[in-house]
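Order of listing sets the numbers, starting from 1, for every ligand and every atom in it.
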Amino acid sequence: MEKFYALFLIFISLWAKTIKMDYTAAVVEFYPDQVEDLKPEEKLKKNVDGYLNILDEILKKQPKPDIVIFPEAVLTAKSAIVKRSDALPYTVEISNSSESLCTAVNTTFLTRLACAAQQSKIYLVINLIERERCKSTSKCAKDGWDIFNANIVLDRNGSVISKYPKYYLFDEPFMNRTATPEVVIFDTDFGEKFASFTCFDILFKKPALDLVYKHQVTNIIFTTMWYSKLPFLAGLQMQRQWSYAVNATLLAAGANDPERANGGSGIHLGRKGSLVSGILDNTRSQAFVATVPQLLAQVRETTEEIDKKAKQMDGFFLYDEDLTQYTSKIIQFGKQGIKNKICHKNLCCDFKMSLQWNNTTTKKYYVYHMVAYTGVLYIYDYILGIDVCGVIACLTKNLNSCSKRFPNYDDVSWPVTFKRIQIKAQFEIDDQKFQYPNSLLSNIKPLPAEDFDWTSRTLNTTIEKTFTLKHPQNRLMTFAIYGRDFNKDKH
Ligand SMILES: *[C@@H]1O[C@H](CO)[C@@H](O)[C@H](O)[C@H]1NC(C)=O
Ligand SMILES: *[C@@H]1O[C@H](CO)[C@@H](O)[C@H](O)[C@H]1NC(C)=O
Ligand SMILES: *[C@@H]1O[C@H](CO)[C@@H](O)[C@H](O)[C@H]1NC(C)=O
Ligand SMILES: *[C@@H]1O[C@H](CO)[C@@H](O)[C@H](O)[C@H]1NC(C)=O
Ligand SMILES: *[C@@H]1O[C@H](CO)[C@@H](O)[C@H](O)[C@H]1NC(C)=O
Ligand SMILES: *[C@@H]1O[C@H](CO)[C@@H](O)[C@H](O)[C@H]1NC(C)=O
Ligand SMILES: *[C@@H]1O[C@H](CO)[C@@H](O)[C@H](O)[C@H]1NC(C)=O
Ligand SMILES: *[C@@H]1O[C@H](CO)[C@@H](O)[C@H](O)[C@H]1NC(C)=O
């Protein structure tokens, strides 16, 4: 009888390991301490205090999260790290032992976080600078270390169970990276597999797309300090297009700093749209908590709500992009039906639109351009291949006014309502090319998933993508097929 009981328990525990359960996650948008002349250990202490305060806030409410994710680089931010010697005091060595980091010996700033994980029995994802003894025979830095921008996962007892080093570093020349992008997957006690990547990694194939398509991971953790840029690369715009295109859950925690274009966090459920998301217009921290995969009833924001948030976002800095190489055609005022093919080199974009105009407008308004572009985007010290077909808002008929906003939202009117937009384009079938449905409204958030369709059709040698706006919209900044062509990347 006892034997039978033991077998039964084994069976139950095996079964429990393979069954997937709903889980609750919190993604934290975090505004780091701003006092620049604090010593590194003081800064780390203050920001860990900030993390623990947020954790306390989260735990006061129901449901209690299973996993809490903090953003990239905020334990050290505003420390003016420009050289390696400034980074070293923030680094931490992480042994590969499975012991909890909640111990009384060899304590670091991680100890308090590990003890918090243990006490509240929550998985924590922390982005930090990890250091390891350099083992290279030829390339070691003088200080003898390799240092990585790493996502560390602590389990419910405070032990490190996963370590992902960011591959596509962005303006962090003092950092090391692995020879090739690493695929790092971890299991949880609620039956879900997770993997993570960081910030700029989201624009590349490895490991980001491979995690979903080669390794079948459908829960992706994204830590970021994103530098939002118009018209295609604002924080939430990027997150939601990625999650939607790959149809995986993206748990995104973003650093907050409106003056530096940093913001945007959320839990995005692929084709189902976003469970929670936000971009903070002022300097503060906030946790977005929700149970996955339950989908809340999606409420489309009203025009009044969009306007209110958009006005608050006036002071949020956004980078712009030089679009003067793009092929463009202006949407003439009053034009109610549009059918146009616009090509740039070998990329042709088919636009079909139906529009409605309010002719009594007296205020400023955006001029919309239909654009096509196939080529490269220069960003930091990267060259990225891109293919773009889109409708974008510009200040004037001049292409160099695109990707800029009017400074005061109250001065802007919105005479055109896009009743329907359909953009269609063909791309070579090539696993080094990938396209996303890209959109942005005046509140610097993307369209809700139920407002558009995104379909693909395989033709003889090409794949045809169709992006359709189904619900009338008059606060549009961007509506585009945004393609990446990894063949053209250089770094
Ligand atoms: C820890 O790292 C050492 C040296 O890299 C290795 O020999 C050992 O197998 C690792 N142990 C575990 C548990 O991964
Ligand atoms: C949890 O960590 C503590 C040390 O903080 C250790 O004593 C204990 O054995 C660990 N428990 C489990 C279940 O691993
Ligand atoms: C603490 O660190 C020292 C020096 O790195 C090491 O020798 C020792 O084994 C560590 N102790 C524990 C319990 O990890
Ligand atoms: C680590 O980065 C430093 C600074 O860029 C560099 O000098 C060093 O060669 C790198 N180490 C390795 C093993 O590549
Ligand atoms: C997206 O993923 C969900 C499961 O997570 C699946 O039910 C649905 O069919 C997928 N949709 C598409 C278009 O692949
Ligand atoms: C606005 O003007 C266009 C022509 O410029 C006209 O076709 C349209 O009916 C007008 N719309 C309204 C609502 O008056
Ligand atoms: C047209 O625009 C004016 C000025 O922006 C506004 O007051 C009016 O309500 C708008 N009319 C409609 C039908 O949207
Ligand atoms: C695609 O292939 C079919 C069958 O081989 C052929 O009839 C058709 O003309 C091809 N279409 C194009 C656009 O090449």
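The shortest contact between atom 6 (C) of ligand 4 and any protein heavy atom is with Asn176 ND2, 4.2 Å. Of the protein's heavy atoms, Asn157 ND2, 3.8 Å lies nearest to atom 8 (C) of ligand 2. From the protein, the heavy atom lying nearest to atom 13 (C) of ligand 4 is Asp146 OD1, 3.5 Å. Nearest to atom 9 (O) of ligand 4 among the protein's heavy atoms is Lys139 O, 2.4 Å.
For atom 11 (N) of ligand 2, a protein non-hydrogen atom is found at a distance below 4.0 Å. Within a 4.0 Å radius of atom 2 (O) of ligand 5, the protein contributes at least one heavy atom.
The heavy atom nearest to atom 4 (C) of ligand 2, considering only Arg156, Gln118, Glu99, is found in Gln118. Taking each of Ala141, Ala87, Cys134 in turn, the one with a heavy atom nearest to atom 7 (O) of ligand 4 proves to be Ala141.
With ligand atoms numbered from 1 in the order given, ligand 4 contributes 5 (O) to contacts under 4.0 Å with heavy atoms of Pro173. Less than 4.0 angstrom separates some heavy atom of Ser100 from each of these atoms of ligand 2: 2 (O), 4 (C), 5 (O).
Geometrically, ligand 5 and Asn247 share a nitrogen or oxygen pair separated by less than 3.5 Å.
Put simply, the residue from Phe204, Tyr380, Trp226 that forms a ring-ring contact (aromatic ring centres under 6.0 Å, His included) with Phe170 is Tyr380.
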Apply the test salt bridge (Lys or Arg N to Asp or Glu O under 4.0 Å) to residues Lys60 and Asp56: give CA-CA distance (whole Å), side-chain angles for both, the deciding distance (0.1 Å), then the verdict.
CA-CA 6 Å; Lys60 278 185 198 146; Asp56 279 348; over 6 Å; no
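Between the Tyr123 side chain and the Asp189 main chain, a donor and an acceptor come within less than 3.5 Å of each other.
Between Asp146 and Lys135, no side-chain nitrogen of the basic residue sits less than 4.0 Å from a carboxylate oxygen of the acidic one, so the salt-bridge criterion is not met. At a threshold of 4.0 Å, the pair Asp201-Lys166 does not count as salt-bridged, since none of the basic side-chain nitrogens sits closer than that to a carboxylate oxygen. The pair Lys163-Glu182 does not count as a salt bridge, with every side-chain nitrogen at least 4.0 angstrom from each carboxylate oxygen. A salt bridge between Lys470 and Asp453 is present, with a side-chain N of the basic residue lying under 4.0 Å from a carboxylate O of the acidic one.
Between Tyr244 and Tyr436, the ring center distance fails the sub-6.0 Å criterion.
Contacts between Ile147 and ligand 4, counted as non-hydrogen atom pairs separated by less than 4.0 Å, are absent for every part of the residue.
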